[in-house]
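One structure is given here, and the rest of the page talks about it.
Labels below follow one simple rule: chain letters A, B, ... track the order of the sequence lines, proteins then strands, and each chain is numbered from 1.
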Amino acid sequence: MDFSLSDDQLMLQQNARQFFTAQRGTRPARKAMEGDVASTKALWKQMAELGYPAITIAEAFGGAGEGFLSLVPVLEEAGRVLAPGPLPETVGFAVPLLTRLGTQAQKQQYLQGIADGSEIVTLAFYESSCDAFAGQATVTAERTAAGFRLNGQKVLVPNADLATALIVLARTTAGPAGEGLSLFIVDPKASGVQMRLQRPMDQTRPLFAVSFEQTEVGEEALIGPLDEGWTAAEEALRTLAVSLSVLSVGAMDACVEQSAEYAKTRVQFGQPIGRFQAVKHRIVDMKVNLETARSLTYYAAWALEEGSSDRHVAAADAKSFTAQAFVRVANANIQNHGGMGFTWEAEPHLYAKRAKAWENYIGSPEAHLDYIAAAQGW
Amino acid sequence: MDFSLSDDQLMLQQNARQFFTAQRGTRPARKAMEGDVASTKALWKQMAELGYPAITIAEAFGGAGEGFLSLVPVLEEAGRVLAPGPLPETVGFAVPLLTRLGTQAQKQQYLQGIADGSEIVTLAFYESSCDAFAGQATVTAERTAAGFRLNGQKVLVPNADLATALIVLARTTAGPAGEGLSLFIVDPKASGVQMRLQRPMDQTRPLFAVSFEQTEVGEEALIGPLDEGWTAAEEALRTLAVSLSVLSVGAMDACVEQSAEYAKTRVQFGQPIGRFQAVKHRIVDMKVNLETARSLTYYAAWALEEGSSDRHVAAADAKSFTAQAFVRVANANIQNHGGMGFTWEAEPHLYAKRAKAWENYIGSPEAHLDYIAAAQGW
Amino acid sequence: MDFSYTPQEEEFRAELRAWLKENLPPGWLEGNHKLPEDPKEEEAFLRAWQHKLADGHWAGVSWPKEYGGRGASLIEQVIYEEEMARVDAPPQVNAIGIGMIGPTIIALGTEEQKKRYVPKILNAEEVWCQGYSEPNAGSDLAALTTRATLEGDHWVVNGQKIWTSYAHLADRCFLLLRTKENPQNKHDGLTCLLVDMHQPGVEPRPIHQMNDHRDFNETFFNNAIVPKDEVLGEVNNGWYAAVVLLSFERVSVANVAFRLQQAYDGLLAYCKRHERNGRPLIQDPLVRNRLAGYHARVHAAKLNFYRNLTRQIKTGRPGPEGSMDKLYCSELLKELNGYAVSLQGAQGELWQDAEEEGKWQEEYLSSFAMTIAGGTSEIQKNIIAERMLGLPKDIKY
Amino acid sequence: MDFSYTPQEEEFRAELRAWLKENLPPGWLEGNHKLPEDPKEEEAFLRAWQHKLADGHWAGVSWPKEYGGRGASLIEQVIYEEEMARVDAPPQVNAIGIGMIGPTIIALGTEEQKKRYVPKILNAEEVWCQGYSEPNAGSDLAALTTRATLEGDHWVVNGQKIWTSYAHLADRCFLLLRTKENPQNKHDGLTCLLVDMHQPGVEPRPIHQMNDHRDFNETFFNNAIVPKDEVLGEVNNGWYAAVVLLSFERVSVANVAFRLQQAYDGLLAYCKRHERNGRPLIQDPLVRNRLAGYHARVHAAKLNFYRNLTRQIKTGRPGPEGSMDKLYCSELLKELNGYAVSLQGAQGELWQDAEEEGKWQEEYLSSFAMTIAGGTSEIQKNIIAERMLGLPKDIKY
């Protein structure tokens, strides 16, 4: 029984903390808010140089070959500063998916590319008419002589402007939810692909509607077995859910730190406001939420790495609790800052918007709770 | 627009306050806890002399002929001290039911009796196998030459040991929930009636399992039309729900007063604990809960008196909110009192137990919320 | 107890409804409630609307008739708020002037001040702002340090205010500042000045808010000049005038209570219209349960307010109950708006491109200010604790 | 990170399980967990159980082997708590002696004291209680006024303690009191005495609690006599010994975390077994959603504790994290027990006659003490705020 990060992991955390501090905290996030894609690209390049996206990629493909737990410190630090870019989608979804199901050629192209920073992958899963995470899709991929032809529109695709590859859930065979779907990895510059910005509350994380019109992709675009894409996706979505939880824990940690710092320095009625129990105890409630989310999230990360039988439930525990706790903590952080907390220049609103954006991303808390219930046969 | 009690109602409230203060607050409730039925009987007699049970009874039957709102001040004061006895069942259920559906003979016996204090009525609705408030019953009432024969067992009958009459929901014709049920008013001393104490958390309010074995009652025991007892009961249950809410508001008021008083006088760290915002603001939260419950409850009482079309929804609003708010307020009152709040001698536990006892009585908060939804066609 | 209105009150409501039907901006009744995006156009739009309200005597209904109002009773004022919320009428650009500053000048001003300022308020000929909070004097307002010194026949003002709504549009400012240094009691030595905003020494800078609006300002005073007699009330007794001004806020919370009802009705309609997992949201047991719970809580917001109003009518004075209304309504509105965004599922993370043109996102982000501006929820709780429950004041440090 | 146990730890668990199977009171493993109702019988039952534990070396597993313990590691201590919670083992009547007072005597006592007291603790030959709180010194413990004056070769003790668990059964008391009047700092001038409870000057009076139990006492000292050398640690430096004693509480919260899991599992089983409106409660969408939410929160109670434990093992010292565990677990257990009672519907208002023999009512009523005893939730929050977050201390008045 040892519930702590290893010395190597702690060192990774320290390095990541230094790196993001050197980027001046949320400055890259604020650049992204202003639509500065080049800045996010530059940040990604630096992260790749430090080996962050490569951590869980096999050594054969240029990675460090570490387990999921080694990703935790880096994601947590990235979360603290709301680092822009599709980091969770790339390392939390594409890497485990391709590691498990990719062909040798796919691994060589994408895993190696992710490891060296040349590939940035995002997800095209949601559609306006259906919540993709219920295993549905109206985008179609028809068989052609050379591969497949995609038609239809995806929405809420994060960082599609930056990504070099989209993983697309598409229907290959008629069928009910969860069946007849396949996963494709598609170049966003392929013919017939168009994208339109969907203005999000969390402007650090631009979203796009991506449409496919007669988009031809080769046989090699198919990831995993045909028609069984949903099963494949589901497993990787658990890893993504935990990755989002880790990033959220980092962000919550930043919120607690901001509130504590402000409460120590902001003086009203001749006293630091942290002396008033209304503020003081609210920060404690934030802290308890944070540490509880952290416990559940670390445990889920461990369960994923170990392949433990409760890993799916642990992921749902972590995501459902953390998503709600992050909203509570980030919103309390605004209130603790008073009028200042409501300004654009201050940090708290960035976190509150991220919290709300991720509340329902990859399944609402209710959906994850439903999963917990179903998994236990209730 | 005038959201206040009339001068007459305020005077009634003052008198009731004086009366219950003269009874030394919760002393009658504590007597009841010790099983002293005689004491509760004596209290009831005094209340009857002051005309409390008679307020809404027509003048023709010895009552004051007032509307439901005039009951509010008395119930609120009774609630403040957790006055024992089936006051809500008698004035909140039996009186409106008999007023609307009783025969002249029934009115003369029971309304007149309630008005002069000789009749005390309680409800025998719940059964161990079904939640009576879903319109079900397994107790049967078979037709006989002279009337009906009752068989079966009711549970959770409040103050059956004190009551002179039980209103019993029984099945007279086979049918689905809500149909084929009838209401009977039965003398607990009738042959074949047996009662057994069911030890309750709220010992101020003893509950009984009441069984009927071949209990013969006359034709005159039937209240309202045969087989339509549930419809009749439902309307009166709304009045009972509001009555319970009013009593609860009075009890919540006592909790707020106790906490405020204790916080002003209990000194720790050289300060009255009411100076610590953890305590101070919690009492404010209690106060907001109290006043919100009061607003909803007074409004529901007004809607009942006026026969306004939203009276049923208003009753459900009041009962669902108040039931939950009372638990919150009473429990916070214990915490505010620290270790003292956990003792038998101190007042707070009496209120916490009453709150929990009434949380689900006459329908859980969820059931009332369901009603609100259904009533609006959702 | 009586929840009905008198015929006279119903007539007041009917008259207002008829006027609104005639006079709301084009398309407004059909649901187009957008203000012009360009700030200049927005200002012109708002001033025109205010002017139109004044012409119809619907700008300051509580004002005495002699000053262009209607001498409306408290209940009529509430009916006014209810009707304006019902049609989501455009805001009054001079709301602070009309709601608080005008009445304060009428109550405490000299005849000269009344003549000079009051007639230009209702029609927004002169827009007013209110300078109270400072960067280091928020909840602790009396800690303010903006100061004025008398030099000959005028005051010279230096310092910085913050959260001054509409200061960037304002012609005049009701400014609370310090005129005596190191008083024994920090509430002493304050003075209210009526300041011309159009002078070199005054510079409002809009604050960029988390909802991407810029309604509030920082306002810098750098040797700004105020004629000696432009004091409202007495020199060094400005705390009194400042408190009188706040006492005119008594029905403003009605507006929030009615907005709550509007928001709830809108959310309900949304849940009936939108499906999730193949059925209308309203049929989801969790949604149904939660919306039914809000039914009572939203209704109670109005009921609480009506009780407070009745008390005000009977006693003739506002009271700490207003703090309870403010606390209850602002916290509930924030919660309700957050829930509305959650109900949109993953698409709720959009903003302007979200469903219903991003209306819920807009409301959600804006509602964070509601539990802070005009006294934080914590300050309201202190007021309720100390004035309604008699609990001890926080330590005087 | 590693959530598995070493073979040695698993062996420890297996050995304990085997011992419990053999030695638990008759019927206990079959679900009959009732203590005798008669107080005398209950006392005899508890002393016998304690004695049996001691014989098996399962009374004080953390104690050094030389004193009859097992020198168990922190993790083994936690395994012990987990297994005892799993079978809902009877309480140890001398829990305070074993958990805190014995270790404190071993750490700070004289050789003479160790020889005299320690051997009689594990087998409950001498039951101990702890006298800290007073009617006017609860959260503000250092405000205590019970005092001792030295008269010749003995201390004379006067005053009143409260919340002294098991004082009515206790043979000895670990008593914190004042030996110097009007110290500069109220933490100075305190002393810990080891007091014989069987003397005329000591009178414990059981407190009737809201759950109808009488586990706690008021204890009156009226010229009680304590030999001069029965001081633990130094005279006038008793605050130090008092704090050392509390530091031995480090794994006691584990017990609550495991009880939480037991309660949750029991509630889940209840909801699978019981129907409402014709279907098992667990299929009610509201119940299902709420129980799924508790799944994470209950698991987290243990995880939080394990993280704290890991930190303790690495740093070798307890810390304010224990306050977070206590706060989290006690608040959650109270909430969960309340929900369990609610789930019984109208029948939940019964007590001893409720479903499952009133177990949930018993737990619910008892859990109100959990957020108060051993430091209220408010005190825990202050500790967390000040020691984990560096927030300012409450004003020193």
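Counting only distance, with no hydrogens or angles, the side chain of A:Thr322 and the backbone of A:Lys319 share no donor-acceptor pair below 3.5 Å. A distance-only check finds no donor-acceptor pair linking the side chain of C:Ser133 to the backbone of C:Gly138 [under 3.5 Å]. The main-chain N or O of A:Gln277 is never found under 3.5 Å from a side-chain atom of A:Arg282 such that the two would form a donor-acceptor pair. With A:Lys280 contributing its side chain and A:Arg275 its backbone, the two residues share no donor-acceptor pair below 3.5 Å. Between the side chain of A:Gln268 and the main chain of C:Asp140, a donor-acceptor pair closer than 3.5 Å is present. Under the 3.5 Å distance criterion, the side-chain polar atoms of C:Thr219 are left unmatched by any main-chain donor or acceptor of C:Lys161.
Residue C:Ser377 touches chain A through both its backbone and its side chain, counting heavy-atom pairs closer than 4.5 Å. Heavy-atom distances place both the backbone and the side chain of A:Thr343 under 4.5 Å from chain C. Only the side chain of C:Lys334 comes within contact range of chain A, with at least one heavy atom under 4.5 Å from a heavy atom of that chain. Contact annotation for C:Asn382: neither backbone nor side-chain heavy atoms come within less than 4.5 Å of a heavy atom of chain A. In this structure, chain C has heavy atoms under 4.5 Å from both the backbone and the side chain of A:Gln198. In this structure, chain A has heavy atoms under 4.5 Å from both the backbone and the side chain of C:Ala369. Looking at C:Ala346, the atoms closer than 4.5 Å to chain A (heavy atoms on both sides) sit in the backbone and in the side chain alike. Looking at A:Leu207, only its side chain comes within 4.5 Å of chain C, counting heavy atoms on both sides.
Across C:Ile207, C:Ile372, C:Val341, the residue that shares the most heavy-atom pairs under 4.5 angstrom with chain A is C:Ile372. Among the candidates C:Thr376, C:Leu365, C:Ile162, the residue making the largest number of heavy-atom pairs closer than 4.5 Å to chain A is C:Leu365. Between chain C and the residues A:Val327, A:Asn331, A:Asp202, A:Val279, the most heavy-atom pairs under 4.5 angstrom are made by A:Asn331. Contact count against chain C (heavy-atom pairs under 4.5 Å) is highest for A:Arg266 among A:Glu366, A:His337, A:Arg266. Comparing A:Val267, A:Leu156, A:Leu197 by how many heavy-atom pairs each has under 4.5 Å with chain C, the most go to A:Leu156.
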Under the side chain to side chain contact (heavy atoms under 4.5 Å, CB included) rule, what do C:Ser139 and C:Glu378 come out as? Steps first, then yes or no, please.
-> CA-CA 9 Å; C:Ser139 290; C:Glu378 292 72 35; over 6 Å; no
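A cation-pi arrangement is absent between A:Arg354 and A:Phe326, since the terminal nitrogen or guanidinium carbon is not both under 6.0 Å from the aromatic centre and inside a 45° cone about the axis. Cation-pi geometry between C:Arg276 and C:Tyr270 is not satisfied (NZ or CZ under 6.0 Å from the ring centre, within 45° of the ring normal).
For C:Tyr294, the ring-ring contact (aromatic ring centres under 6.0 Å, His included) partners two or more places apart in sequence, or in a different chain, are C:Tyr339.
Relative ring orientation between C:Phe174 and C:Tyr132 is described as tilted, the plane-to-plane angle lying within the 30° to 60° band.
Atom CD of A:Glu234 has more than 12 neighbouring heavy atoms from other residues, nucleotides or ligands inside a 6.0 Å radius.
The interface of residues 352-361 of chain C with chain A, defined by heavy-atom distances below 4.5 Å, comprises C:Gln352, C:Asp353, C:Gln361.
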